[in-house]
Structure formats: structure tokens, C-alpha cells
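Letters A, B, ... are given to chains in the order of the sequence lines, protein chains preceding strands, and every chain is numbered from 1.
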Amino acid sequence: MIVAVGVGALQYVLRSRVELWPAVPVVFTFVDPQLLSALSLPADVTGTTFRLKLFDMVAAGRVVVPDLNQIAVVGDPLGTSVPYRHMQDEIPAVTATGLHIIDLTGMPLRNVRARVANLPVRTAILYPGMYSDGEGTYLTPVEGLRRFAEVANRPIIVTAETQLGPGTGGYIAVPSTIGQGAAVQVLSILQGERATAIPVSEGNFVKPIFDWRQLRRWGISESTLPPGSEIRFREPTIWQQYFWQMMAILAALVMQTWLIVALIWEDRRRRRSEANAQALTGELAHMNRVATAGQLTASIAHEIRQPLSSIASFGSAGLRWLKHDPPNLDKARSGLENVVAQVHRADDVIKSVTALFKNESTTRTEVYVNALVQQVLVSTAQARNSNGILLETNLVESPPPYVSADPVQLQQVILNLITNAIDAMSASKQGARILLIETNIDQDVSVVITVADSGPGIDSKLAEQLFKPFFTTKSSGMGLGLPICKSIIEAHEGKLTVASREPHGAVFRIELPRHGRELDKHIN
Amino acid sequence: MRHMCRPWIIVAGLLCSIVSSASAEQQAVPQGILILDDSGGAASGPFYRDIVSALRGSVNRDPSKQYSIYVEHLDLNRFRGPEYELGLKTFLPRNTRTVLSE
């Protein structure tokens with residue numbers, strides 16, 4: 001069978017068929033109905049007609065130029081161009097609507113270019129098609145369109161889908177639908193239907209289609225397009241282009257935000273808990289200090305009584321030197337100076353005791369550990385002496401043991417360990433009672449304070465439990481002293497450990513980070 | 001007896017002729033397609049190419065039933081007249097005989 005596409009092909013087939021292809025059925029398409037009516041069709045020739053209307057082009061022109069009053073027609077002369085010959089007949093009806101027609105058909109392309117570059121504002125260009133310009137140069141319709149579209153100052157209404165791009169759009173022929181329409185009739189015949197039984201039909205291959213880029217260029221709103229219009233070459237938005245990537249990023253951001261919020265919330269909760277724990281530890285520490293104060297009452301009283309006795313002695317001596325005849329003023333002054341010195345000593349004792357037992361939070365400062373140990377030893381001197389305990393100290397001087405600590409809390413720990421040692425040795429009847437206090441520098445990074453006694457020692461099974469709250473080996477203890485000491489040392493980023501001492505006794509070891517900067521300052 | 005046989009022979013002959021004509025008609029269903037269009041082929045741009053491409057794709061959509069398709073672009077916008085048609089008369093039958101005889 002033969003398929004003729006276009007009126008020229010159909011005319012040729014009809015002329016040659018009898019001689020070349022007798023009795024071969026023919027299907028035609030893309031043939032104007034007016035031209036077809038002029039042909040004498042045999043019975044076994046069928047097909048689909050198709051018409052591009054000038055009215056449709058004008059209607060599209062009114063869409064892209066709402067206040068249209070002129071149309072410029074570019075292309076082959078309408079009267080001579082076979083596919084568009086019928087448009088010539090529509091011109092009177094078009095001009096009757098008030099539109100002025102600028103006829104640029106059949107002109108040389110260079111003239112067309114010059115004219116379309118300077119068209120009045122309320123003008124649309126209609127381009128049915130061009131196969132040769134006014135100088136006889138053969139062109140394809142798309143090529144002819146491109147030649148003048150690049151300089152055109154008004155939107156161009158075109159007739160074929162393949163002309164979109166340079167053309168703005170319009171009611172245009174879609175070639176694929178023309179081919180598919182013909183295929184329906186071809187397949188019917190191939191499947192055995194007789195061509196004579198298939199009537200000639202009118203094809204609907206025209207659709208309102210517009211080029212999105214041209215709509216943007218001419219500022220044409222999509223809302224003004226005819227219903228059912230198709231828009232081609234629309235550039236996808238960033239959102240459309242990267243939808244899944246953006247969704248993934250969004251999801252990651254949401255998860256990240258959720259994670260950050262959760263971490264902040266958790267951090268705040270932890271800080272609150274730490275603050276509460278710290279406050280409770282502070283309260284417990286204070287209670288522990290008050291309890292220790294009770295135990296040390298005798299020692300403190302002794303420490304204060306000593307300067308008081310001295311004051312009394314030096315005062316009495318001073319009075320005697322004043323009563324002397326003649327008064328020995330130098331001796332009296334010396335006595336009074338001693339009185340003042342002893343008052344200061346008593347004041348120091350009271351200050352250290354007050355500092356130890358007051359309940360207020362202090363900030364961390366640089367603490368010279370040896371001085372702190374000495375202050376505690378002063379407070380516990382009476383307790384040692386009354387229990388016959390010999391004190392041995394080995395305090396490192398160089399390098400000087402500085403730590404960054406709350407002095408009151410650190411003093412409390414040392415005091416607690418010393419009173420525990422005194423208590424342990426007081427209850428023991430084994431050998432000499434020796435309290436050994438040492439300070440050392442461990443590997444240049446830590447300050448170590450050791451409190452060792454010669455008491456009965458600690459059962460290795462109980463060593464771990466010593467630091468648990470409410471565990472005590474004393475009949476009168478609450479079991480809070482060592483847990484508080486441990487928590488204070490750990491809050492200072494340090495460690496508190498206990499070990500047995502040979503042949504008997506216990507060794508408590510406080511290890512704190514060395515305060516390097518202050519150390520360097522001290523050395524320099 | 002001779003007169004009785006004659007109508008049966010006529011009926012049998014008619015039946016044979018009907019069967020043979022039906023068979024001939026079946027054989028007349030075309031299996032090849034010659035497409036002739038106005039364009040000059042690739043040089044004429046994509047419009048006719050798209051028509052032919054869609055036609056070819058639709059006709060041969062079923063892989064089990066494929067048809068021979070021969071396309072000839074007559075290029076009638078550039079060439080026409082008796083001389084051109086004379087050339088076609090020589091050229092086309094030679095090149096399309098196979099497809100149209102299928």
C-alpha cells in the first residue's frame with residue numbers, strides 16, 4: 001500500500017497510480033480539505049484531511065498581544081504556497097475584524113529581517129511557513145524562521161511544533177499525531193479492511209502549544225493562554241530540579257536540629273543534676289565539717305588556750321617590768337610585743353577554724369599544698385599529742401606543690417584523713433603510733449598527698465566499700481566522711497585511693513593535677 | 001442422467017471459483033508500505049521526518065507483526081514538472097517493486 005503525506009505527494013500518486021501501482025490501496029494525510037475536493041479520488045483511496053487556519057493564527061496573536069491591531073505575515077506568498085493557499089481566502093474576513101495586515105510574504109529575507117526588527121508595538125508576526133524567499137533561495141520552514149526570528153521585535157505565531165523556540169507558539173500542527181492518525185487507517189487496511197470501506201475523515205492534529213521561554217521573553221502570562229494550552233520547554237524550578245536532594249538535605253537538617261536540641265536539653269539536664277549534686281555534696285561536706293568540729297573541740301580549745309596562756313604570761317611579765325623601779329621599759333615593750341604576737345596567733349587559729357567550718361562556696365585558687373597541710377596539722381596537734389601519736393612529715397619543697405583547688409574543701413579532706421588516722425591509731429594497741437604526712441610531685445604532672453598511719457590497717461575486702469556512703473568501721477561514725485572526701489577530690493579532677501601499709505596501717509593517697517602555670521611563675 | 005449431472009458441475013465450479021477468489025483476496029492484503037511525502041527529507045527539517053517516524057512506530061508497534069516500509073521524499077517544493085515526474089516514473093517502480101509486491 002501507499003501512504004501519501006502532503007497534497008503534492010497525493011496528486012503525484014493519483015497521476016501515476018494507474019501506470020505504476022494499479023490496484024494498490026492509498027492512504028493520504030496532511031492534505032487540505034479544499035485542495036482534496038478538487039481531486040477526483042478513486043474508491044480505494046482514503047485518508048485524513050488537515051487544515052491550518054489563518055483565524056487560529058490570529059486568535060493566537062491576540063493571546064500573545066492582547067491589544068493586537070496589526071499582523072505581519074511572513075513566509076511564502078499565501079496564494080502560491082500549496083499548504084497555505086487557503087489562507088488567502090481567509091484574509092478578507094480577518095481584515096473585517098479591524099486588523100491591519102502587513103504583508104511581508106515573498107520578500108527577500110534581508111528585507112524581512114529589516115522589517116520585523118522595527119514592527120509597531122501592537123503587532124504579532126504570523127509565520128505559516130517558508131520554502132523559498134523572495135530571491136528564490138530554497139529554505140526549510142524552520143530555517144527560514146530562524147533567519148528572521150533572531151531580529152524580530154514582536155512575538156511570532158507559528159504553525160508547526162518543530163518551529164517552537166524561535167516561534168512563540170500558537171495553534172500548531174503536531175507531526176507525531178499526524179503520523180499516528182495515518183497509522184490507524186494503514187493498520188486497518190493491513191489487517192484486511194478494504195480501503196473503500198474507510199471514509200475520508202477530518203484530522204484534529206492542531207493543539208494550542210506555546211514555548212515557555214518565549215512567553216517569558218514577551219512577558220505573556222500563562223493565565224491568558226487558551227484553555228488546554230500546552231507549555232513546552234519550561235525550565236524546572238530549583239525545587240523541581242533538585243527535589244530529592246533538597247528533601248534529603250531538609251531531612252538531614254531536621255535530624256541535625258533535633259539532635260542539637262536533644263543534646264542541649266540533655267546538657268542542661270546534666271548541668272542541673274551536677275549543680276544539685278554539687279549543692280548536696282556541699283551540704284554534706286558542711287555537715288561533715290561540723291561533725292569534725294565536734295571531734296576537734298578539745299584540739300581547737302588547746303590551740304587557742306596556748307596563745308592565751310602566753311598572752312597572760314607575757315602580760316604579767318610586762319606588768320612586772322613596769323612596776324620595777326626604775327621600770328624596765330625595753331623588757332616591758334618586748335613583753336607587750338609578744339602579747340600582740342600571741343593575739344595574732346590566736347586570731348590565726350580562730351580564722352583557720354572559722355574558714356574550715358563555714359558553709360560557703362569558694363572559688364578555686366592556687367593552693368600551696370604544704371601550707372594547707374601545716375594548717376591542718378596545727379588544728380590536730382592536741383588530738384595527736386593526747387593520743388601519743390608521733391608525727392612525721394616529709395613535705396616536698398622543690399618543685400613546690402601547687403594545685404588549683406577550693407582550699408576549704410581540700411583542707412577538709414586532709415583534716416578528715418588525719419582525724420581518721422588518729423582515731424584508727426587511738427584504738428590500736430599495736431606498736432608505735434606514727435602519723436606520716438608526705439607531699440610529692442609525681443611525674444611532674446601530679447601533686448600527691450599521702451596520709452599514712454600505723455593503725456590496725458584495712459581489710460582488703462573492705463577497701464572498696466570504704467568510699468561508699470554510710471559504710472563505717474567506727475561505732476560512732478556515719479560513714480559519710482570518706483565518700484565526701486572522694487567526691488571532693490574527684491570534683492578537682494583528682495583521685496583518692498587507699499592501700500594497706502606494711503607491717504600494719506593504712507595509706508590514703510590524694511592525687512591532684514599539678515598547677516603548672518603557677519609553678520612556672522614560682523620558679524621564675 | 002447426463003442432464004442431472006450438469007447442474008452439480010456448475011455448482012462445484014462456482015464453489016471453486018468463490019474459494020479461489022477469496023484466497024486471491026486474502027493474498028491481496030498488502031504487507032509492505034511505500035510512504036511518499038512532499039518533503040526533501042532531512043534537508044527539509046524535522047516536520048515530515050516526525051510524521052513518518054510516528055507512522056512507522058505506530059504501524060510496527062507489535063514486534064511479532066512487522067511490515068516493510070519504504071520512504072521516498074519527493075521534494076515537491078523544489079522539484080516538479082513533467083521531466084521530474086518522468087524521472088520518478090523510472091526510479092520509483094525499480095526501487096519500490098519489492099516492498100509493494102509483499
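By the neighbour-count criterion of 12 heavy atoms within 6.0 Å, atom CZ of Arg213(A) is densely surrounded, having more than that number from other residues, nucleotides or ligands. Annotation: Arg234(A), atom CZ; neighbour count of heavy atoms from other residues, nucleotides and ligands within 6.0 Å is above 12. The local environment of CD in Glu83(B) is sparse, with at most 12 non-hydrogen atoms from other residues, nucleotides or ligands closer than 6.0 Å.
For the pair Asp38(B) and Val5(A), the minimum side-chain heavy-atom distance is 4.5 Å or more. Side-chain contact check for Leu190(A) versus Ile33(B): some heavy-atom pair is nearer than 4.5 Å. At least one side-chain heavy atom of Leu92(B) sits under 4.5 Å from a side-chain heavy atom of Trp21(A). Considering only heavy atoms from C-beta on, Thr159(A) stays 4.5 Å or farther from Phe47(B) through its side chain. Looking at heavy atoms from C-beta onward, Tyr131(A) lies out of side-chain contact with Leu76(B) at the 4.5 angstrom threshold.
When the candidates Ile35(B), Leu74(B), Val52(B) are compared by the number of heavy-atom contacts under 4.5 Å with chain A, Ile35(B) comes out ahead.
Residue contact with chain B, scored on non-hydrogen atoms closer than 4.5 Å, involves the side chain of Glu19(A) exclusively. Residue Ala173(A) touches chain B through both its backbone and its side chain, counting heavy-atom pairs closer than 4.5 Å. In this structure, the portion of Asp75(B) lying under 4.5 Å from any heavy atom of chain A is its side chain and not its backbone. In this structure, chain B has a heavy atom under 4.5 Å from the side chain of Val13(A), while its backbone stays farther away. With a 4.5 angstrom heavy-atom cutoff, Phe28(A) does not touch chain B via any of its atoms.
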| request: Just do the side-chain contact (heavy atoms from CB on, under 4.5 Å) check on Thr140(A) and Tyr48(B) with the steps written out, would you? | output: CA-CA 11 Å; Thr140(A) 66; Tyr48(B) 282 89; over 6 Å; no
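The two atoms that bring Ala54(B) and Ser176(A) nearest to each other are CB-O, 3.2 Å, heavy atoms only.
Summarising the geometry, atom NZ belonging to Lys65(B) is positioned 8.5 Å from atom CD belonging to Gln191(A); distances are rounded to the nearest 0.5 Å.
A side-chain contact (heavy atoms from CB on, under 4.5 Å) with Val3(A) is found for exactly one of Ile69(B), Ile51(B), Leu55(B), Val59(B), namely Leu55(B).
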